[in-house]
Amino acid sequence: MRWFMRRRTRLLCLVLAGISVFLHLLLVLLMLSVYQSPCLSPSPHHDKPSLALEDNNFTSKYNYVKLPAHMGQKSSSNTDANGRHKMAASSNMADMRNHENSALKEDREIASFKMAAPNGNHAATPSKADLTKLEALFDHPLYNLPQPPLEEEDWLLRVKAKANVAERESTQQWLSDNQNEYEPIQWNSSTETHPPWLRFHLGITRWHLYAHRDANLGPLIEQLASHRIVSAVQKAGGTQLKLVMSFPNYGQALLKPMKQERDEETNFNLFYFSDFERHNAEIAAFHLDRVLGFRRVPPVVGRLINVVKEIRDLTTDVKLAKTFFTSPVGNTCFYGQCSYYCSTEHAVCGRPHDLEASMAVMLPDLSLAPRRSWRSPWRRSYSRSKSAVWEKDSKYCQTVKKTSPYNRGTRLVDFIDMAILDFLMSNMDRHHYETFERFGNNTFLIHLDNGRAFGRHSKDEPSILAPLVQCCRIRRSTLLRLGLLSLPQYRLSDVMRASLSQDPLAKVSPILSESHLAAIDRRLATVLLTVQNCLEQNNDVIYNDITDYPDEVTVEH
């Protein structure tokens, strides 16, 4: 009987095992049928994103932009024996416009796909080829043009050979009330003893803030990025929060904190004067200004600041200190006092203590090097309902040309240089600019305060180019460099990617996204097309500022 029961039990177990195997096989077949369904042929519209990505190199669409061999118009100064510089179009205007419209349409499709893709804008990693392009660009003759010898009056500041005891004691007292945090001064008339910030001040001339191959630029950037901070106070004036940071060697930097993510675009419903300032825009503006060969933006670098140790614990600014608080998630925040965006709703917060910021070297004190502020002739109305005069009068530039200081010298083409810079980085907030009083009207314009640049990459603002469009005037050196930067071997986006990669914050994420870099190339093509339109309609477009450069210059693709 026991033997019969054991046999029956084994039979029952075998049946149950067989049923279990059958059910598992059935489940596997069901899962396979589910996973196979996406492998069916997709509908045609699913192919668009992949096709757009295959043509991701947007700037190749603008290969028609070529620096021609001749400049076909009269130059107002330093003309050749025939009194002419000729410029030949690389293709007819109709084909260029059709090509541009097609390229813009394709770029919108690419941009829309990247916006939807996760981390689609974080691919701005430079290649060795980009770094090589940057070095080749700075080695190009257009960036190493012979300069006239500098006279004594062409330097902003000079070092006194000797100083008496009373002057030295006065200087010590002026520099700091608390010498404990500062290094002892051991400077003399020798440049080798000067800290980087002082060498920068002493290197400012009538024509630029720093030299093209300035050996001091590296040490200055390193100081801004890493030197110990001994003081932090809020800078008076301005519409948004910024701090003055001091170093042990008495150098100072202007800090602008991170207020939003780097890739966050400006809301389309916001007016230009309602936007936040961006720390990465200040960094990128310095690099773009240098790549364009202007050297009119003070050196700027990104830095990770400890809000507690390097601001709250060091500040002697009572008003600033009162605005610190801890957020509900434990981050240390502050908001300061200013005209706009200085409230708990717009506080600047660490994560929990670390804060990204831009650090711009301060210009010489106004008591040593006074600056004059000039109201921009193309200043916007800063009104939600009113337009400026230049926005309604297409011949507005004729009035400007008759007004001092734009009626003589280089002031007008200097201003148009600044307008081109602003258009490339989409900065609509250029209401004033400054010059050093020592140099009078015969000097460069300082390109300060670029925090509202790079707000949008998906839209260009043509009104920023109004000075160029209405005046049809441009420096020959500027045009030649713009043409150079439109070529594949020196492409603007590539050299910008390489230059920005050298900033310390680039290790966290790219200073500018690929969408912004593509927008710079697109806007450069617009600038060159605008100049071409001017050349077809006017005889006095190019201001010849480089007499020692060949009259006929050909830059081939």
Side-chain angles (χ1 to χ4, degrees), residues 62 64-80 82-101 142 292-294 376-378 390-403 406-424 430 460-487 492 521-546 549 551-555:
Y62 289 103
Y64 68 83
V65 179
K66 181 173 71 173
L67 192 65
H70 302 283
M71 300 181 180
Q73 40 71 55
K74 292 183 179 179
S75 174
S76 65
S77 64
N78 300 320
T79 55
D80 60 14
N82 297 323
R84 299 184 64 83
H85 293 282
K86 299 179 180 180
M87 174 172 278
S90 59
S91 62
N92 65 70
M93 294 299 296
D95 290 342
M96 291 164 67
R97 292 192 182 96
N98 291 336
H99 198 176
E100 183 185 25
N101 291 336
L142 280 172
L292 293 174
F294 294 153
S376 167
W378 280 268
W390 61 268
E391 294 179 280
K392 298 178 287 187
D393 182 5
S394 61
K395 297 182 179 180
Y396 174 76
C397 185
Q398 300 305 317
T399 302
V400 175
K401 287 180 178 179
K402 299 175 183 177
T403 307
Y406 306 97
N407 58 349
R408 64 175 66 90
T410 63
R411 180 59 61 90
L412 183 61
V413 288
D414 287 335
F415 190 91
I416 290 173
D417 280 348
M418 186 167 60
I420 292 171
L421 172 71
D422 284 336
F423 177 72
L424 292 176
R430 189 72 68 185
D460 300 341
E461 181 50 56
S463 63
I464 302 175
L465 268 189
L468 175 61
V469 173
Q470 294 180 354
C471 299
C472 274
R473 199 82 165 114
I474 189 173
R475 285 179 180 273
R476 183 168 180 246
S477 60
T478 298
L479 179 58
L480 289 170
R481 285 194 294 267
L482 292 176
L484 199 67
L485 291 165
S486 72
L487 304 181
L492 180 55
D521 284 333
R522 183 177 70 236
R523 292 164 188 161
L524 173 59
T526 300
V527 173
L528 292 173
L529 186 61
T530 301
V531 175
Q532 183 62 51
N533 289 337
C534 286
L535 290 169
E536 293 184 349
Q537 301 169 14
N538 299 274
N539 294 322
D540 189 21
V541 175
I542 296 176
Y543 176 84
N544 190 11
D545 60 329
I546 45 175
Y549 206 73
D551 287 330
E552 295 186 0
V553 180
T554 302
V555 181

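Count residues from 1 along the sequence.
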Minimum heavy-atom separation for C471 and K401, please, with both atom names. O-NZ, 3.6 Å
Any side-chain to backbone donor/acceptor pair from W390 onto Y396? Under 3.5 Å, distance only. no
With rounding to the nearest 0.5 angstrom, report the CG to CD distance, L528 to Q532. 9.0 Å
Any donor and acceptor pair, going by atom type alone, linking the side chain of D393 with main-chain N or O of K395 inside 3.5 Å? yes
By side chain to side chain donor-acceptor pair (under 3.5 Å), which residues pair with S477, not counting sequence neighbours? D545
Minimum-distance pair of heavy atoms, taken over all atoms of V400 and P377: CG2-CB, 4.1 Å
Supply the atom-to-atom distance L487 CG to L482 CG, rounded to the nearest 0.5 angstrom. 11.0 Å
Heavy-atom side-chain proximity of F423 to P467 below 4.5 angstrom: no
Nearest 0.5 Å please: distance from the CG atom of L529 over to the CG atom of L524. 11.0 Å
Under the rule for side chain to side chain donor-acceptor pair (under 3.5 Å), what residues qualify as partners of S463, not counting sequence neighbours? R380, E461
Atom pair SG (C472) and CG (D540), whose distance is rounded to the nearest 0.5 Å: 10.0 Å
As a quick check of understanding, evaluate side chain to side chain contact (heavy atoms under 4.5 Å, CB included) for I474 and I420, giving each step before the final call. CA-CA 10 Å; I474 189 173; I420 292 171; 3.8 Å; yes
Go through it in stages, so that I can follow the logic: the residues are L292 and R481, the test is side chain to side chain contact (heavy atoms under 4.5 Å, CB included), and I'd like the CA-CA distance, side-chain angles, deciding distance and then a yes or no. CA-CA 7 Å; L292 293 174; R481 285 194 294 267; 5.6 Å; no
Could you tell me the separation between the CG atom of D460 and the CG atom of L465, rounded to the nearest 0.5 Å? 9.5 Å
Pick out which of L492, L485, L424 makes a side-chain contact (heavy atoms from CB on, under 4.5 Å) with D521. L492
Nearest heavy-atom pair of L468 and C534: which atoms, and what distance? O-SG, 4.0 Å
To the nearest 0.5 Å, what is the distance between CZ on R473 and OH on Y543? 8.0 Å
Got a donor-acceptor contact below 3.5 angstrom from the Q398 side chain to the Q470 backbone? no
Review item, side-chain donor-acceptor pairs of residues 407-419, under 3.5 Å, at least two apart:
residue : atom : partner : partner atom : Å
T410    : OG1  : D414    : OD2          : 3.0
R411    : NH1  : Y433    : OH           : 3.2
D414    : OD1  : R475    : NE           : 3.4
D414    : OD1  : R475    : NH2          : 2.4
D417    : OD1  : T478    : OG1          : 2.8
D417    : OD2  : R296    : NH1          : 3.2
D417    : OD2  : R296    : NH2          : 3.4
D417    : OD2  : R475    : NE           : 3.2

